[in-house]
Number of protein chains: 2
Amino acid sequence: MVVDALTDGDVNRIFRALADATRRDIVRRTLLTDMSVSSLAHAYDMSFAAVQKHVAVLEEARLVTKEPRGRERMVRGVPERLRQAKRLLDDFDQIWRARIDRLDALLSEPLPPEKG
Amino acid sequence: MVVDALTDGDVNRIFRALADATRRDIVRRTLLTDMSVSSLAHAYDMSFAAVQKHVAVLEEARLVTKEPRGRERMVRGVPERLRQAKRLLDDFDQIWRARIDRLDALLSEPLPPEKG
DNA sequence: GTAACGTACAACTTTATGGTTGTAGATGCG
DNA sequence: CGCATCTACAACCATAAAGTTGTACGTTAC
């Protein structure tokens, strides 16, 4: 059941968001435990604002969600989104298998039909 | 068996390369059939040089390989690399499951040991 | 209320990206 | 050979990304 198809833009955002080590680390941490933006910021050697931006990129890609909790914003990883990403990579694998199947068919049928 | 561990830079390049619709399309096409750079270029509404750059990005990420064939360079998708990427996403899933396990343990053991 | 904390957001700099055009070197073909 | 094709690469432009600092504002704690 397809909940909602991903546009090219969605996919771009997902992979783009994952193309940064700090952001991948944020995803890992927030999959394990909800964390406030500031507690995340303490973990990295960069400004609070920089971490805030990384979280925003992840949020736009829906790889994390932010939920207000008092004066903090708790960041939480979204496992379903990562599974969607994995599914995208599975599609590539399917395509590749089509090539193999085609090759198998070719090998098992050494006399392909000719035109005319 | 780990053939060769991926560095942060490797992972960055892989996801970065996949964060573009044209490049994903190139991967799909070249997983199915080896194609020259120029034949790929015909498929998109952009200059040859632009496509050439996209192929270069994919090549640096090792998502495709280029092999000389006469005056052409045949581009071929590398399924193993895509499986490596999928494995990276699996790691995230593993982390998330650890959270679930922890929650399960908490629920099944309503009286956690106290300090002292 | 005041001070400290957590966040949001704007402005700015630097560097990377994605596109262009143009030039030049190999290779294949008539 | 001479010409078309395929590729490589440099230079350039516009935009986006990743970081910084500074300011403003809501919330918590005292």
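Labels below follow one simple rule: chain letters A, B, ... track the order of the sequence lines, proteins then strands, and each chain is numbered from 1.
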Colleague: So, does A:Arg23 use its side chain to make a donor-acceptor pair with the main chain of A:Ala17 at under 3.5 Å?
Modeller: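 Checked: pair present.
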Colleague: Between A:Ser39 (side chain only) and A:Met35 (backbone N and O only), is there a donor and an acceptor less than 3.5 Å apart?
Modeller: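 Flag not set: sc A:Ser39 to bb A:Met35 has no pair under 3.5 Å.
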Colleague: Which residues satisfy the side-chain contact (heavy atoms from CB on, under 4.5 Å) test with B:Leu89, sequence neighbours excluded?
Modeller: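 Scan of B:Leu89 (side-chain contact (heavy atoms from CB on, under 4.5 Å), adjacent residues dropped) gives A:Leu18, A:Leu82, A:Ala85, A:Lys86, A:Leu89, B:Phe15, B:Phe92.
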Colleague: I'd like to know if B:Asp101 pairs up with B:Arg97 as an ion pair, taking the criterion as any Lys NZ or Arg NE/NH1/NH2 lying under 4.0 Å from an Asp or Glu carboxylate oxygen.
Modeller: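 Between B:Arg97 and B:Asp101 there is no salt bridge, as every charged N stays at least 4.0 Å from the carboxylate O atoms.
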Colleague: Look at the side chain of B:Arg29 and the backbone N and O of B:Asp34, then say whether any donor-acceptor pair between them is shorter than 3.5 Å.
Modeller: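 Checked: no pair found.
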Colleague: What is the distance from CD of A:Glu60 to P of D:dA18, rounded to the nearest Å?
Modeller: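 Roughly 11 Å, once rounded to whole Å.
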Colleague: Select base, sugar-phosphate, or nothing to describe what A:Ser38 touches, counting heavy atoms under 4.0 Å on all strands.
Modeller: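 The answer is sugar-phosphate, as A:Ser38 gets under 4.0 Å only of primed atoms, P, OP1 or OP2.
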Colleague: Using a 4.0 Å heavy-atom cut-off, write out nucleotides 8-13 of chain C from 5' to 3' as B (base contacted by protein), S (sugar-phosphate only) or - (no contact).
Modeller: BB-B--
Colleague: Rounded to whole Å, please give me the gap between CZ in B:Arg69 and C1' in D:dT7.
Modeller: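 Distance, rounded to whole Å: 16 Å.
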Colleague: Starting at CD of A:Glu59, measure out to NZ of A:Lys53 and round the result to the nearest 0.5 Å.
Modeller: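 Separation between the atoms: 15.0 Å.
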Colleague: Whole angstroms only, please: what is the CE-C1' distance between B:Met74 and D:dT7?
Modeller: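 Rounding to the nearest Å, CE of B:Met74 and C1' of D:dT7 are 14 Å apart.
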Colleague: Salt bridge check, B:Glu80 against B:Arg83: does any charged N sit closer than 4.0 Å to a carboxylate O?
Modeller: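 Looking at B:Arg83 and B:Glu80, the cut-off is met.
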Colleague: Step by step, work out the side chain to side chain contact (heavy atoms under 4.5 Å, CB included) result for A:Leu31 and B:Arg99.
Modeller: CA-CA 7 Å; A:Leu31 278 172; B:Arg99 179 184 198 153; 5.6 Å; no
Colleague: I'd like to know if B:Asp25 and B:Arg28 make a salt bridge, using a cut-off of under 4.0 Å between side-chain N and carboxylate O.
Modeller: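 So B:Asp25 pairs with B:Arg28 through a salt bridge.
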Colleague: Just N and O in the side chain of A:His54: are any of them under 4.0 Å from OP1 or OP2 of D:dG19?
Modeller: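 Yes, within the criterion.
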Colleague: C:dT20 phosphate, OP1 or OP2: any side-chain N/O from B:Ser47 under 4.0 angstrom?
Modeller: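 Yes, within the criterion.
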Colleague: Expressed in angstrom and rounded to an integer, what is the separation of A:Met35 atom CE from C:dG6 atom P?
Modeller: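 Value for this atom pair: 12 Å.
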Colleague: If we ignore hydrogens and angles and just use 3.5 Å, is the side chain of B:Arg73 paired with the main-chain N or O of B:Lys66 as donor and acceptor?
Modeller: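 No: the side chain of B:Arg73 does not pair with the backbone of B:Lys66.
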Colleague: Between B:Ala41 and B:Phe48, what is the shortest heavy-atom contact and its length?
Modeller: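 Nearest pair, atom of B:Ala41 first, then B:Phe48: CB-CD1, 3.8 Å.
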Colleague: Over the length of the helix from C:dG1-D:dC30 to C:dG30-D:dC1, how much do the five-pair end axes diverge, rounded to 10 degrees?
Modeller: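 The angle separating the two end axes equals 30°.
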Colleague: Just to verify, what does A:Arg81 make a side-chain contact (heavy atoms from CB on, under 4.5 Å) with, not counting sequence neighbours?
Modeller: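 Result, side-chain contact (heavy atoms from CB on, under 4.5 Å) vs A:Arg81: A:Leu6, A:Asp10, A:Ile14, A:Arg62, A:Leu63, A:Val78, A:Gln84.
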Colleague: Hey, does the side chain of B:Thr30 reach the backbone of B:Val27 with a donor-acceptor pair shorter than 3.5 angstrom?
Modeller: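 Indeed, once roles are kept as given, a pair shorter than 3.5 Å links the two residues.
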Colleague: By a strict heavy-atom criterion of less than 4.0 Å, which residues belonging to residues 6-29 of chain B are in contact with DNA chain D?
Modeller: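 Going residue by residue through residues 6-29 of chain B, none turns out to have a heavy atom under 4.0 Å of DNA chain D.
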Colleague: Any N/O pairs under 3.5 Å between the protein and nucleotides 24-26 of chain D? List them or say none.
Modeller:
none

